[in-house]
Amino acid sequence: MGQNRMLWLLDALERDPRADAVIDKLTGTVRALPLGRARDALHGRWLGHPVHPLMVQVPIGSWMSAAVLDLLPGRTREAGLLVGVGLAAAGPAALAGAVDWAELHRQQTRVGLVHAVANTAAVGLYGASLLCRLTGRAAAGRAYGFLGLTAVGLGGMLGGHLAYRQASGANHAEEVPHVVGEGWHRIGTVDEFPAGRPVRRAVDNVPVLVVRETGGTFHALADRCSHLAGPLSEGTVADGCVECPWHGSVFRLSDGWNVRGPATAPQPAFDTRVVDGHVEIRLRREDGTEDADEDRTAGAAERAAEDEGHGHGN
């Protein structure tokens, strides 16, 4: 069975380079906005995932509700109020989407640009709808509203493609706890890890960043950045953190916490130890199951030794 027409068009959009010059200019403009700490807030670092999908619920819900009221007699005023609420909420939602979009891969930004154009058209149509309603042209207001809802639907479809087909905004390190085996894994001798320099190793085919501090302490994190899978082992290590070379996300080496976006999820972290001159790492699990299993094993060994000692004493 062949590929359906819609997927073919979306795949062609991903490959089309004609808007790349516009994309470069717009992404540079968004990155230059003096947002300060608000940039991380707009990325959704405080929430643990992008905040843009949450913010768009207000304009979409308002406009959908307005469309329902427009189908009922005598509800033009209430529908107009909802159109206005949607317009007021669209600006902050668009800003959050823009700061996310400016940090995406090229194929994603191409789809994202058309997504933004569709939503901008929707805002323009709903603006015209509100103006018509305020000037007594209710029929034209309803017509513009239904056209705006059509544009919103197109934008939403493209947003879904971005999120689910292209994985923009997804946690690209989420699979690590599911594929790394339990227990300790030997990754090399101590001499293979120069102090202060990031080194890449692999455990169960999962890339791992390893950093040895000057004092001898080892840190290990999943190497692929949770934002868009950038190689942290090619990044910069400073002040107990590593910066992703692709989009500048910063993670704390001690526990993988994302101290700066655009990453909204922390990196999976590993416990480390040195045994007979070899470095070993173990995935740090939030539920503490590894530690509990090891404690039970150690306790059993101690009890066995005590029992053996008591037996010899008798």
task = With sequence neighbours excluded, tell me which residues meet salt bridge (charged side-chain N to carboxylate O under 4.0 Å, His left out) with Asp16.
result = Arg18

inquiry  = Would you compute the distance between atom CG of Leu209 and atom SG of Cys244 and round it to the nearest 0.5 angstrom?
reply    = 11.0 Å

query = Is a salt bridge present between Glu234 and Arg200, judged by a nitrogen-to-oxygen distance below 4.0 Å?
reply = no

query = Mind checking whether Gln108 and Ser168 have side chains closer than 4.5 Å, heavy atoms only?
reply = yes

request  = Go through the steps for Arg31 and Glu103 under the test side-chain contact (heavy atoms from CB on, under 4.5 Å), then give the verdict.
outcome  = CA-CA 8 Å; Arg31 290 173 182 170; Glu103 306 295 344; 3.6 Å; yes

request  = Taking the side chain as every heavy atom from C-beta outward, state whether Asp204 and Val179 have any pair of such atoms under 4.5 Å apart.
outcome  = no

ask   = Counting only N and O atoms by type, is there a donor-acceptor contact under 3.5 Å from the side chain of Asp223 to the main-chain atoms of Pro231?
value = no

inquiry  = Quick one: does any side-chain atom of Thr120 pair with a main-chain N or O of Ala116 as donor and acceptor, under 3.5 Å?
reply    = yes

query = In this structure, are over 12 heavy atoms from other groups packed under 6.0 Å from Phe218 atom CZ?
reply = yes

inquiry  = I'd like to check the salt bridge (charged side-chain N to carboxylate O under 4.0 Å, His left out) partners of Asp70; sequence neighbours left out, ordered by chain and number.
reply    = Arg133

key: Val51 reachable from Val99 in the ILVMFWY side-chain graph, under 4.5 Å edges   = no

message = Does this structure show an ion pair linking Arg212 with Asp191, if we count only N-O contacts that are shorter than 4.0 Å?
response = no

query = side-chain contact (heavy atoms from CB on, under 4.5 Å) between Asp11 and Arg165: does it pass, once the steps are laid out?
reply = CA-CA 10 Å; Asp11 289 345; Arg165 180 70 175 248; 3.6 Å; yes

task = State, yes or no, whether a side-chain contact exists between Tyr144 and Cys132 at a heavy-atom distance under 4.5 Å.
result = yes

inquiry  = Within this structure, what is the OG-CG distance for the pair Ser65 and Leu81, rounded to the nearest 0.5 Å?
reply    = 11.0 Å

ask   = With distance as the sole test, does His278 use its side chain to make a donor-acceptor pair with the main-chain N or O of Asp276 at under 3.5 Å?
value = yes

query = Is a side-chain N or O of Glu213 found less than 3.5 angstrom from the main chain of Ala195, in a donor-acceptor match?
reply = no

query = side-chain contact (heavy atoms from CB on, under 4.5 Å) between Trp184 and Arg282: does it pass, once the steps are laid out?
reply = CA-CA 5 Å; Trp184 292 95; Arg282 177 185 65 182; 3.6 Å; yes

request  = Could you name each residue pair satisfying salt bridge (Lys or Arg N to Asp or Glu O under 4.0 Å) that touches residues 239-263, not counting sequence neighbours?
outcome  = Glu243-Arg260, Arg252-Asp255

task = For residues Pro198 and Val237, report the shortest heavy-atom separation together with the two atoms involved.
result = CD-CG2, 3.9 Å

query = Closest approach of Val123 and Leu87, non-hydrogen atoms and distance?
reply = O-CD2, 3.6 Å

query = Do the non-hydrogen side-chain atoms of Leu71 and Phe146 ever get within less than 4.5 Å of each other?
reply = yes

inquiry  = One pair to check against side-chain contact (heavy atoms from CB on, under 4.5 Å): Val203 and Leu283. What are the steps and the verdict?
reply    = CA-CA 10 Å; Val203 173; Leu283 184 65; over 6 Å; no

Which residues share a side chain to side chain donor-acceptor pair (under 3.5 Å) with Asn171, sequence neighbours left out = none

Salt bridge (charged side-chain N to carboxylate O under 4.0 Å, His left out) partners of Arg142, counting only residues at least two apart = none

message = For a quick test of reading the model, state the closest non-hydrogen atom pair linking Val111 to Leu158 and the distance between them.
response = CG1-O, 4.0 Å

request  = Could you tell me whether Arg106 and Asp24 make a salt bridge, using a distance below 4.0 angstrom between a side-chain N and a carboxylate O?
outcome  = yes

message = Just verifying a value: how many Å separate Arg110 CZ and Leu104 CG, rounded to the nearest 0.5 Å?
response = 13.0 Å

remark   = Distance col, row Asp20:CG vs Thr27:OG1, nearest 0.5 angstrom, shows 10.0 Å

Nearest atoms (heavy-atom pairs only) where Ala263 meets Phe251 = CB-CZ, 3.6 Å

message = Do Val211 and Leu221 land in one hydrophobic cluster if side-chain heavy atoms of ILVMFWY residues count as linked below 4.5 Å?
response = yes

task = Kindly state each residue pair satisfying ring pair (Phe, Tyr, Trp, His ring centres under 6.0 Å) with at least one member in residues 47-102, sequence neighbours excluded.
result = Trp63-Tyr126

inquiry  = If I compare all heavy atoms of Pro53 with all of Pro50, which pair ends up nearest, and what's the gap?
reply    = CD-O, 3.4 Å

request  = Please tell me if the side chains of Ile187 and Val208 come closer than 4.5 Å, counting only heavy atoms from C-beta onward.
outcome  = no

message = Restricting to salt bridge (charged side-chain N to carboxylate O under 4.0 Å, His left out), what partner residues turn up for Arg197, sequence neighbours left out?
response = none

inquiry  = Tell me whether Val199 shares a hydrophobic cluster with Val206, the cluster being built from Ile, Leu, Val, Met, Phe, Trp, Tyr side chains joined at under 4.5 Å.
reply    = yes

Contacts of Asp100 that satisfy side chain to side chain donor-acceptor pair (under 3.5 Å) - sequence neighbours left out = His43

query = Apart from Val250 itself, what residues make up its hydrophobic cluster, given side-chain heavy atom links below 4.5 Å?
reply = Trp257, Val259

Which residues share a ring pair (Phe, Tyr, Trp, His ring centres under 6.0 Å) with His227, sequence neighbours left out = His247

request  = Could you tell me which non-hydrogen atom of Leu130 sits nearest to which non-hydrogen atom of Gly80, and how far apart they are?
outcome  = CD1-O, 3.6 Å

key: Backbone N/O of Leu125 and side chain of Ser129: donor-acceptor pair under 3.5 Å   = no

query = Does Val83 belong to the same Ile/Leu/Val/Met/Phe/Trp/Tyr cluster as Val56, with side-chain heavy atoms less than 4.5 Å apart forming each link?
reply = yes

inquiry  = Quick check on Met157: does its CE atom have over 12 non-hydrogen neighbours (other residues, nucleotides or ligands) under 6.0 Å away?
reply    = yes

ask   = Who pairs with Glu192 by side chain to side chain donor-acceptor pair (under 3.5 Å), at least two apart in sequence or on another chain?
value = Thr189, Arg201

ask   = What's the spacing between Glu78 CD and Leu82 CG if we round to 0.5 Å?
value = 8.5 Å

note = Only residue of Asn258, Thr264, Asp40 satisfying side chain to side chain donor-acceptor pair (under 3.5 Å) with Arg45 is Asp40

ask   = Does the side chain of Arg186 come within less than 4.5 Å of Val275's, by heavy atoms?
value = yes

key: Rounded distance [0.5 Å steps], CG in Asn4 versus CG in Leu7   = 4.0 Å

request  = Indicate whether the side chain of Glu280 and that of His185 have a donor and an acceptor atom separated by less than 3.5 Å.
outcome  = no

inquiry  = Is there a path of hydrophobic side-chain contacts, each under 4.5 Å between heavy atoms of I/L/V/M/F/W/Y residues, joining Leu162 to Tyr164?
reply    = no

task = For Glu14, enumerate each residue passing the side chain to side chain donor-acceptor pair (under 3.5 Å) test, keeping only those at least two apart in sequence or located in another chain.
result = His161, Gln166

